[in-house]
Amino acid sequence: MLEMEAAPPVIADYAIVERAIEFISSRRRDQPSIDEAAKNAGLSLRRLEQVLERWARLTTTAFLQAISVEHVRELLRNSAAALEEAHPVGLSGPARPRDLFAIHETLTLRDRRSDGLVLRYGFHPSPFGEAVVVAAPQGLAGLGFVDDDREAALGDMRRRWPRARFLADADGTGAYARRAFDPKLWRLDAPLRLAMIGSDFDVLVWETLLRAPVGSATTYSDIARKIGKPTAARAVGAAVGRNPISFVVPCHRALGRSGALTGYYWGLARKQAMIAWEAGRVAEVVEWVGAAMGKNISSAPC
DNA sequence: AGGGCCCATCGCA
DNA sequence: TGCGATGGGCCCT
């Protein structure tokens with residue numbers, strides 16, 4: 001049963017951004033201008049400017065840059081380094097704001113089959129449309145997006161863990177949604193707990209993905225090399241595609257070596273949107289997480 | 001160096 | 001949503 005509430009502003013903003021991305025990338029060779037994109041989305045240039053500012057602190061030119069092939073190529077130039085920069089929380093060394101800001105725990109084998117597992121779910125606004133959030137007792141287990149109807153998005157989550165019981169509990173999942181999408185809440189001293197439900201290989205790939213900093217990108221072959229299976233790039237790609245915790249486990253930061261965005265389970269426009277959003281928000285992330293890191297690390301022995 | 005133009009941005013109504 | 005002030009960048013003299 002869907003209530004027909006008015007879409008929150010952030011969801012309306014994403015609908016506009018997505019439309020702009022689709023318009024611009026479908027007509028890339030014509031070099032469409034930003035106000036053509038605005039007109040196509042049915043609003044004035046000034047409005048689109050304001051939407052982009054609200055959505056990701058992006059100006060129109062910064063937005064065009066963030067969704068350009070040049071930007072992706074630039075990200076890929078540092079793809080191998082992306083996985084190396086990060087180190088686990090708590091190690092000594094210079095404070096690096098782009099380090100991990102999430103921890104996770106892996107469920108047991110029994111839980112992995114999800115027999116008797118109780119999963120709570122809710123729908124919440126996000127910068128990438130309405131999100132479906134699935135929480136296990138141990139932590140955040142699933143995050144996906146609603147395109148047309150909520151039942152489809154929820155059905156997708158149900159199919160991932162067919163033997164689990166699903167309970168509607170938006171109050172229980174709301175905190176996860178807020179944490180996942182608000183950089184101000186990405187705190188090292190209060191990490192987001194993730195419940196990864198998958199095969200050992202899947203979980204290893206997802207853990208590796210977590211090391212890619214905000215606003216960076218990596219490649220399937222870099223991940224394969226990182227986990228010591230340099231020939232397993234395709235298997236890595238498949239595991240990345242099975243990632244149930246979209247955005248938080250940043251599968252949108254996994255790109256093809258060639259500079260192709262490759263696929264994205266929740267839609268290519270959404271992957272581009274996430275890349276653009278991070279380009280706009282990365283300074284803010286560095287500021288907030290960096291401040292938190294400073295406090296944490298200064299007391300640690302070097 | 002100076003002048004003039006273009007254009008993105010942003011405050012304002 | 002549209003207007004206009006602002007200011008940076010750029011070319012030409």
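Convention: sequence-line order gives letters A, B, ...; per-chain numbering from 1.
- Summarising the geometry, the separation between CZ on A:Arg46 and C1' on B:dA8 is reported as 11 Å, rounded to the nearest angstrom.
- B:dA8 atom C1' lies 19 Å from atom CZ of A:Arg47, rounded to whole Å.
- Checked options A:Val249, A:Asp202, A:Leu107, A:Leu204; the residue passing with A:Met196 is A:Val249 (criterion: side-chain contact (heavy atoms from CB on, under 4.5 Å)).
- Following rounding to the nearest Å, A:Gln65 (CD) and B:dA8 (C1') show an atom-to-atom distance of 15 Å.
- The side-chain heavy atoms of A:Leu75 and A:Arg253, taken from C-beta on, include no pair separated by under 4.5 Å.
- Closest heavy-atom contact between A:Val132 and A:Ala153: CG1-CB, 3.9 Å.
- In this structure, A:Arg160 forms no cation-pi arrangement with A:Tyr121, as its terminal cationic atom is not both closer than 6.0 Å to the ring centre and no more than 45° off the ring axis.
- B:dA8 atom P lies 17 Å from atom CD of A:Gln50, rounded to whole Å.
- Rounded to an integer number of Å, the gap from CG of A:Leu48 to P of B:dT9 is 11 Å.
- In this structure, A:Ile34 reaches neither bases nor backbone, as no heavy-atom distance under 4.0 Å exists between it and the strands shown.
- The phosphate of B:dA8 has neither OP1 nor OP2 within less than 4.0 Å of any side-chain N or O from A:Thr60.
- Taking the 5' to 3' direction, DNA chain C first and last meets chain A under 4.0 angstrom from a heavy atom at C:dT1 to C:dC3.
- For A:Asp35 and B:dC7, the CG to P distance is 11 Å, given to the nearest whole Å.
- When rounded to the nearest whole Å, the span between CG of A:Leu52 and P of B:dT9 equals 10 Å.
- Closest of all the heavy-atom pairs between A:Val236 and A:Tyr220 is CG1-O, 3.7 Å.
- A:Leu45 places its CG atom 12 Å from the P atom of B:dC10, with the value rounded to the nearest Å.
- Side-chain contact, A:Tyr264 with A:Ser246: a donor N or O sits under 3.5 Å from an acceptor N or O.
- For the pair A:Lys184 and A:Glu284, the minimum side-chain heavy-atom distance is below 4.5 Å.
- Within the 4.0 angstrom heavy-atom criterion, base atoms lie near A:Glu49.
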